[in-house]
Amino acid sequence: MSILLTQDTRIIVQGITGNQGRFHTRQMLAFGSRVVGGISPTKSGQMVEGVPVFDTVRQAVDATKADASIVFVPAPYAKDAAFEALENGIRLLVMIPEHIPVQDSIDIVARAKALGATVIGPNTFGIISPGEHTKMGIMPNHIYQPGPIGVVARSGTLSYEIAFSLTNAQLGQSTVVGMGGDPVVGQTFITVLEHFRQDPDTKAVVMVGEIGGSAEEEAAEYLETLGKPVVAYLAGRAAPAGKRMGHAGAIIERGRGTLESKEQALRAHGAEVVTMPWQVAEAVRSVMS
Amino acid sequence: MSILLTQDTRIIVQGITGNQGRFHTRQMLAFGSRVVGGISPTKSGQMVEGVPVFDTVRQAVDATKADASIVFVPAPYAKDAAFEALENGIRLLVMIPEHIPVQDSIDIVARAKALGATVIGPNTFGIISPGEHTKMGIMPNHIYQPGPIGVVARSGTLSYEIAFSLTNAQLGQSTVVGMGGDPVVGQTFITVLEHFRQDPDTKAVVMVGEIGGSAEEEAAEYLETLGKPVVAYLAGRAAPAGKRMGHAGAIIERGRGTLESKEQALRAHGAEVVTMPWQVAEAVRSVMS
Amino acid sequence: MKQYEYLAKGTLKAYGIPIPPGQLVRTPEDGAEAVATIGPAALKAQVLVGGRGKAGGIRFAQTPEEGRRVAQDMLGMDLKGYTVELLYAESKLAIERELYISVTTDRNAKKPLVMASLAGGMEIEDVADDQIVKAYVDPAVGVLPYFGREVAAALGLEGTIFKEFADLVVKLYQIYREKDAELVEINPLAVVDGHLVAADARLNLDDSALYRHKDVTVVDEGSALERKVHEIGLAYVELDGDIAVMANGAGMAMATLDAIQHFGGRPANFLDAGGGASVGPTAEALGVLVSMHPKAILVNIFGGITRCDDVASAILQVKQTTGIPVPLVVRLVGTNEKEGVALLKAAGIEAYSEMAEAAEQAVRLAKEAM
Amino acid sequence: MKQYEYLAKGTLKAYGIPIPPGQLVRTPEDGAEAVATIGPAALKAQVLVGGRGKAGGIRFAQTPEEGRRVAQDMLGMDLKGYTVELLYAESKLAIERELYISVTTDRNAKKPLVMASLAGGMEIEDVADDQIVKAYVDPAVGVLPYFGREVAAALGLEGTIFKEFADLVVKLYQIYREKDAELVEINPLAVVDGHLVAADARLNLDDSALYRHKDVTVVDEGSALERKVHEIGLAYVELDGDIAVMANGAGMAMATLDAIQHFGGRPANFLDAGGGASVGPTAEALGVLVSMHPKAILVNIFGGITRCDDVASAILQVKQTTGIPVPLVVRLVGTNEKEGVALLKAAGIEAYSEMAEAAEQAVRLAKEAM
């Protein structure tokens, strides 16, 4: 029914006493996420939304057997928080903050790989499995519904737009994964697609990409292994070269990272590529029939 | 017939064009070691004692399929040399230099562990397997002979003394391993003893220890697993507290690292402990009969 | 954030990498003095545009008098839309060979990547793949000297150049790592008198890491308007169309530009109002859009964290203060959608719920405004 | 290499760890001035002996006049064999609580080890194991702030002290790592006015890493004779017996001392002539042994890299120049044994081949010399 995140996932919130941490803890609980603890140094003993607060991840893991963590601390403290989670046995780590220095992300991703942990983000809206009634992220709760479509996106609000259009078209989602808008993030399209391949309940996949990097090209060849229909929508055809379009990763540099080569590669390996977000739902319906 | 080092081990010499490197390459070749290459940056194409010189370990490994390396570079360059070897697939690494900063040794040993490689040293005379006619080290060739006795020592010259006394008593050696005189070295008595346990041709083991640290106490309990007779000789009963006896590791600090507790622990777990080096050979003969 | 050449070279020098003698030129007198001090020199405009040389941004001076004249000509000149305010005078080099070296982040490998080539002096994109040595760095190990030697050996270097090059790789990685660089590049890496010299250098720093580099000279290469919006803390890029755009989220903003183009319009800007911007900054940003005098404004909001009523309030605030004297199209869905739509409606603004319809309408209104 | 307390504190301060106000006192006037500046103070002898306080090495002064008097008394005094040449005057603290924190290298784990305890103020060896928090550092990760928080939490600290302590762990590890320390210890780590202050500190540096710390003050705590031999580059420790010893290899040298003791003698020193020392340094070292006027000298050589003929040459050189006016026993086996033994024999010195016999003979001769 989902990938990576299920109803059994026991979640802690790092930075739970901040505004963002508090607000999204409430939202996650409302969606059904099993949030078992929160971290805020020197605030152990407090409760936030009925969730016990601990000084350290170690104490939280010891007390709650948590295996996943969502990080809300400010960017300068994110590497510390990520390593605290990883070194204490957390194996699914969602990194919400944006503006984390790339060198820090490199270290986080390398360490996670060495330890066999999965990092979602940084600069992500998170991951949500509607059928499992659980999410780790900041996405609005009401736009998703359970179903057979896997969604993997680099961008947040744009993925909401598309998920909502799928929901409105009665095309529910198995899991929606936000890879994050930074140059270096934990996942690639390939790693997420491989999870979707293994999930029997995911019948088709929507890829939401954008300019910058070559993640889409790299993924194109993998589509044949995936063996499930794919609809791809990529943003940024109106973007000029050399300008960073908001995301640190969304920039056409020295001729690389344009939409043309991305779309061409995806089409060549069987993806249905649409050029406007409102065309996604119809394309999904057509590839599934 | 041996542990860790056999006639099939393909050896390179890092720092082969230095005085020490040249001299010991000749000695190793004379003993029968399969020295297949040497490293000395910008000196590729040269030959030393008939052995081809390469600029990098990578080139040497590509050309010779070497799987072991002995390092002779000066201490400030030792960490670099060790990492060069480890990152290029070397899985048996003998570190001869003394005075390597402890922080460097910590890094080397940690990296080797992560990669599954074996480090002998630093500050070691090396390792020799007389029956395999091969050695990686600076020990004199003529004092060893093939046989059933495994020797593991923290100290160089003292181990020569003892190996020679064994040879003179017709007690040949399977392998002699020098752990090194530094506070942080790649091996412990336990890791070496475990190799001796697995070697069917090693019938008894001689441990040559000294004051400082607690390596001997840690090893004592393991002796029961070893299941082979052990003779132990430890040096330093005349050493005062707080004074470093040559080896960076040989110091009785704040009451720890004395011979009394070491000898007591070893005896308690079945080792035959002798108090003078010239008593070793006779003790070995008696435990083997 | 890109650094001017002279800043990049200053960083190289601080790490012990040889650079040619050079000095800054702010006045014609500086130009004369520079040539008097360092001899025949290249005077290079300190601007962040590509193809600087071809555009006349690099000129040579043999004598102090020529140095004065060239500086006089160049200072204040327009280079691809940027006014030249600063020159860097640098000793002319008798270059024997040109190599290439850079350290950057490989996004797919998620690791630092060292690239080197014997074919220096041209853009690395134009160098054939088999002429480039690529070496990935394990971040857990970093770049130790052996790594530099491996790259030098892979290039086939020998002797002094081998050693200098190997050493330079280590230093370049230190800069990349310690200065939080996205790119540090020496091209050409010149051989002069048998030694390596960094003839030209690029240094791009990670904006997100600037907080830990208080000593760095902040260079905002944006236009005046871009700099203004960056100060509000929002991502903003000026484009050459006539429909001003505000959306929440970078992907949404890009998709909005795409939609305008799709319907035959031309977007005037990229503006990401953020995932959860509050009334204040949103109003400020909208104010900037109004000040651009576009033919139309398109606001495209999918409320997740962003609340639609907050966006509506921001619009009304601008309308009531500075006024919005151009056609405004608002698309508003998601969190607190009803409240937001009602607020707008009360002020006479109709909100769309479909992005396609809103984009099409904005394009239509812009065309009518012509 | 141990650092004096004032040097250790200076390092802590440079890393942002709070230390009490203090200043160096070299003269009685300095003592008066120190108390005038920082108020009632402890004057502490800067010597590297343990139990400094009990031996009279720490005294207090309330007034400048008292500061002068105490400094006068202490400067030049003998403290366990060391002459006090320098005092460190430090403000008296109103200590509320005493904690313990240190970073050192765990030999068995081959990793850095952080130890902390609420039972500060006494030697950590005297603290019960269950009162000590031990945390090993993965050298591939180092100490990030969370690690400090974990130690603080394990101690049960709260509030301000929790945060200050967590921060201090990070800084202490930085010192350990960046200064190549064998031990950095704050004991007691005092709580004063609700904040942490390093009341006393130890810093032992790694001799082998001094080459990369040119700024470090080198402190050789050895006697004059020890310093002299260290300058030759050999390991040397003075002992209180009467048989001077030279051997090659640290283990061999220790075993030689053991052998002398075994036969009822008392070694005068530990001297490792090195694994492959050449004639010059060996002769120099032997010269030092002669200068000690021992009752006998025992040279114990197992020639591996060391060549027996080189050792014999060194002995003959000393014999022919300064002379060896005490009984000399030489044990010589291994590489070039025949040549070495022959050289000595020609000069009237009989070499032993068995270590036991040589040690026994040395003890016998030393007793006869009494």
Side-chain angles (χ1 to χ4, degrees), chain B residues 75-76 98-107 109-111 113-114 125 138-140 143 153-161 164 181-186 188 208 210-215 218 233 235-240 242-250 254-256 275-278, chain D residues 50 105-108 110-112 123-125 138-140 176-177 180-182 206-212 234-241 247-262 266-267 270-272 275-276 301-306 333-335 354-356 359:
Chain B
E98 57 179 340
H99 302 308
I100 295 179
V102 173
Q103 295 301 324
D104 290 2
S105 296
I106 288 173
D107 290 348
V109 170
R111 187 66 185 167
K113 192 176 178 194
F125 58 91
I138 59 172
M139 61 291 277
I143 61 173
R154 281 170 69 180
S155 164
T157 321
L158 185 55
S159 84
Y160 307 162
E161 174 89 31
F164 195 44
D182 282 357
V184 170
V185 292
T188 62
V208 184
E210 61 191 32
I211 54 162
S214 59
E218 304 278 325
Y233 164 68
R237 67 188 58 242
K243 296 287 188 177
R244 185 164 290 179
M245 304 307 270
H247 285 160
R254 305 196 201 177
R256 289 179 300 192
T275 56
M276 289 294 132
W278 55 81
Chain D
T105 305
D106 185 285
R107 296 171 177 209
N108 297 316
K110 301 168 193 314
K111 285 178 183 172
E123 293 290 323
I124 192 70
E125 288 75 19
D138 181 338
Y176 164 82
R177 183 76 185 174
D180 278 297
E182 293 175 338
D206 179 358
D207 291 331
S208 297
L210 288 180
Y211 72 90
R212 56 189 180 199
L234 301 178
Y236 182 84
V237 176
E238 231 174 79
L239 302 173
D240 57 4
N248 63 329
M252 259 310 246
M254 273 189 275
T256 309
L257 306 192
D258 293 350
I260 288 173
Q261 193 171 277
H262 177 78
R266 290 168 55 241
F270 167 96
L271 171 59
D272 173 8
I301 302 297
F302 191 99
I305 310 312
T306 305
V333 294
T335 308
E354 292 299 326
M355 178 173 164

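Quick note on labels: first sequence line is chain A, next is B, and so on, each numbered from 1.
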Task: Interatomic spacing from CZ in Arg177(D) to CG in Asp107(B) - rounded to 0.5 Å - done: 4.0 Å

Task: Smallest separation among heavy atoms of Met276(B) and Ala259(D), with atom names - done: SD-CA, 3.7 Å

- [ ] Could you look at Ala235(D) and say if it's the side chain, the backbone, both or neither that has a heavy atom under 4.5 Å from chain B?
- [x] side chain

Task: Spacing of Asp272(D) atom CG and Thr157(B) atom OG1 [to the nearest 0.5 Å] - done: 7.0 Å

Open item on the list: What part of Asp206(D) gets within 4.5 angstrom of chain B, counting heavy atoms only: side chain, backbone, both, or neither?
Closed with: side chain

Open item on the list: How long is the straight-line distance from CG of Asp104(B) back to OG of Ser208(D), given to the nearest 0.5 Å?
Closed with: 9.5 Å

Open item on the list: To the closest 0.5 Å, what do you measure between CG (Leu239(D)) and CE (Met245(B))?
Closed with: 5.5 Å

- [ ] Identify which part of Arg154(B) has an atom lying under 4.5 Å from any heavy atom of chain D, answering side chain, backbone, both or neither.
- [x] side chain

Task: Where Pro277(B) and Ala255(D) come nearest, the two heavy atoms and their spacing - done: CG-CB, 4.3 Å

Task: Arg212(D) side chain vs Pro101(B) backbone, donor-acceptor pair below 3.5 Å - done: no

Task: Contact class of Pro183(B) relative to chain D, heavy atoms under 4.5 angstrom - done: both

- [ ] Side chain from CB out, backbone as N, CA, C, O: work out which of these in Tyr236(D) comes under 4.5 Å of a heavy atom of chain B, or both, or neither.
- [x] neither

Task: Nearest heavy atoms of Pro76(B) and Tyr211(D), plus distance in Å - done: CA-OH, 3.3 Å

Task: Side-chain H-bond candidate by donor/acceptor type, Asn108(D) with Ser214(B), under 3.5 Å - done: yes

Open item on the list: Heavy-atom cut-off 4.5 Å, strictly under: side chain, backbone, both or neither for Gln103(B) against chain D?
Closed with: both

- [ ] Over 60° means perpendicular and under 30° means parallel, so classify the ring planes of Phe302(D) and Tyr160(B), tilted if in between.
- [x] tilted

TODO: Let me know if Glu123(D) has heavy atoms under 4.5 Å from chain B in its side chain, its backbone, both or neither.
DONE: side chain

- [ ] Counting only heavy atoms closer than 4.5 Å, note whether Met139(B) contacts chain D via side chain, backbone, both or neither.
- [x] neither

TODO: Search all heavy atoms of Gly236(B) against all heavy atoms of Met254(D) and return the closest pair with its distance.
DONE: CA-SD, 3.8 Å

Task: Steps toward salt bridge (Lys or Arg N to Asp or Glu O under 4.0 Å) verdict (Asp138(D), Lys113(B)) - done: CA-CA 12 Å; Asp138(D) 181 338; Lys113(B) 192 176 178 194; over 6 Å; no

- [ ] Of all the heavy-atom pairs spanning Val185(B) and Lys110(D), show the shortest one and how long it is.
- [x] O-NZ, 2.8 Å

- [ ] Please flag which part of Val102(B) lies under 4.5 Å from any non-hydrogen atom of chain D: side chain, backbone, both or neither.
- [x] both

Open item on the list: Given heavy-atom pairs under 4.5 angstrom as the criterion, report whether the side chain, backbone, both or neither of Tyr233(B) touches chain D.
Closed with: side chain

Task: Proximal component of Ala356(D), with respect to chain B [non-hydrogen, under 4.5 Å] - done: both

Open item on the list: Does any backbone or side-chain atom of Ala181(D) lie under 4.5 Å from a heavy atom of chain B? Answer side chain, backbone, both or neither.
Closed with: backbone

Open item on the list: Can you give me the closest heavy-atom contact between Gly303(D) and Pro140(B), atom names plus distance?
Closed with: O-CG, 4.4 Å

Task: Side chain / backbone / both / neither for Glu161(B) at chain D, heavy atoms under 4.5 Å - done: both

Task: Toward chain D, the part of Ile100(B) with a non-hydrogen atom under 4.5 Å - done: backbone

